Amino acid sequence: VNAVGDMYYGDFANDKRCGTGTYLWENGDVYEGQWENNMHNGYGCYKWDNGDKYDGNWLANMKHGNGVFTGGNGDVFEGEFSYDKKKSGVYKYSDGIIYEGTWKNDKRHGHGKYVVSKTNFYEGGYREDMRHGVGKYVYEDGAVYEGEWVNNLRHGNGKYTWPTGNSFSGKFDSNNM
């Protein structure tokens, strides 16, 4: 027990938390797992008092390697973390939407697939959480756009096909044909 009421139960080496142990913060947070040099290092589970939970690998108190983050709001991310940020994996939003792909600085970035439903999804490039680069969007009504995107807008060369089968191929400018 320290001066602020936090408690640690577990192994020590050279007066530092090292090995396996459980740390209970006065605010209700709990970490149970491996320690090295007073830091979460190796495999462990951290539960925040707000309902968030991370179960996976740690490096110097940061989520690093494979793990599962479950938000108190019901969102779940399973995949790879790099220095406390999502790197690649599957994010299941509490409303049923699923994103599978790569991340940068906790934003969708690189290639991914964003699925609202079986008939409403996007697969392609992302930059800073926005559709960017080349991708295909299948709309709920059956329309399909395949082509270039810039900052979530159809922009550049592309093909839009209406549910009737009619289509337009050519240049798009900020979603306009």
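Keep in mind it's a predicted model, so treat the numbers as computed, not measured.
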Measure across [X] and [Y] and return the closest heavy-atom pair with its distance rounded to 0.1 Å.
| X | Y | value |
| --- | --- | --- |
| Gln34 | Tyr31 | O-OH, 2.8 Å |
| Phe168 | Lys171 | CE2-O, 3.9 Å |
| Glu26 | Asp6 | N-OD1, 2.8 Å |
| Asn61 | His40 | OD1-N, 2.7 Å |
| Asp173 | His155 | OD1-CE1, 3.0 Å |
| Gly142 | Pro163 | C-CG, 4.1 Å |

Side-chain donor-acceptor pair present, Lys85, Asn105, cut-off under 3.5 Å:
no
If you round to the nearest 0.5 Å, how far is [atom2] of [Y] from [atom1] of [X]?
| X | Y | atom1 | atom2 | answer |
| --- | --- | --- | --- | --- |
| Thr161 | Lys159 | OG1 | NZ | 4.5 Å |
| Leu24 | Lys47 | CG | NZ | 10.5 Å |
| Ser82 | Lys63 | OG | NZ | 12.0 Å |
| Tyr160 | Ser167 | OH | OG | 11.5 Å |
| Leu59 | Asn57 | CG | CG | 9.5 Å |
| Ser88 | His109 | OG | NE2 | 13.5 Å |

Ring-face cation contact, Tyr137 with Arg131, 6.0 Å cut, 45° max:
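Output no; distance or angle outside limits.
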May I ask you to check if Arg108 and Tyr99 form a cation-pi contact, with NZ or CZ under 6.0 angstrom from the six-membered ring centre and within 45° of the axis?
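Yes, cation above the ring, under 6.0 Å and within 45°.
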Between [X] and [Y], what is the ring plane arrangement, given parallel below 30°, perpendicular above 60°, and tilted in between?
| X | Y | answer |
| --- | --- | --- |
| Trp25 | Tyr23 | tilted |
| Phe172 | Tyr145 | perpendicular |
| Trp103 | Phe77 | perpendicular |
| Trp48 | Tyr46 | tilted |

Are the side chains of [X] and [Y] in touch, meaning some heavy atoms are under 4.5 Å apart?
| X | Y | value |
| --- | --- | --- |
| Tyr122 | Lys113 | no |
| Asp84 | His64 | no |
| Met39 | Arg17 | no |
| Asp75 | Ser94 | yes |
| Val150 | His132 | yes |
| Asp52 | Thr70 | no |
| Asn151 | Arg127 | yes |
| Tyr91 | Ile97 | no |

Any donor-acceptor N/O pair, [X] side chain to [Y] backbone, under 3.5 Å:
| X | Y | answer |
| --- | --- | --- |
| Thr102 | His111 | yes |
| Glu32 | Cys45 | no |
| Asp49 | Asp29 | no |

For Asp141, I'd like to know if atom CG has over 12 heavy atoms of other residues, nucleotides or ligands within 6.0 Å.
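More than 12 within 6.0 Å, yes.
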Exceeds 12 heavy-atom contacts within 6.0 angstrom, atom CD of Glu78:
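Check fails, neighbour count at 12 or below.
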Before giving the answer on salt bridge (Lys or Arg N to Asp or Glu O under 4.0 Å), spell out for Glu128 and Lys107 the whole-Å C-alpha distance, their side-chain angles and the decisive distance to 0.1 Å.
CA-CA 6 Å; Glu128 297 285 317; Lys107 294 183 178 182; 3.6 Å; yes
Val144, Val134: one ILVMFWY side-chain cluster at the under-4.5 Å cut-off?
no
When hydrophobic residues are tied together by side-chain contacts of less than 4.5 Å, even through go-betweens, does Trp58 share a cluster with Tyr83?
no
Aromatic ring proximity, centroids under 6.0 angstrom, Tyr126 and Tyr114:
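Aromatic pair excluded; centres sit 6.0 Å or further apart.
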Ring center gap for Tyr54 and Phe81 short of 6.0 angstrom
yes
Quick one, Asn37 with Lys16, criterion side-chain hydrogen bond (donor to acceptor under 3.5 Å, both in side chains). Give me CA distance, side-chain angles, the key distance, then yes/no.
CA-CA 6 Å; Asn37 218 15; Lys16 294 184 179 182; 3.2 Å; yes
With sequence neighbours excluded, residues passing salt bridge (charged side-chain N to carboxylate O under 4.0 Å, His left out) with Lys87:
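For Lys87, the residues satisfying salt bridge (charged side-chain N to carboxylate O under 4.0 Å, His left out) (neighbours in sequence not counted) are Glu80.
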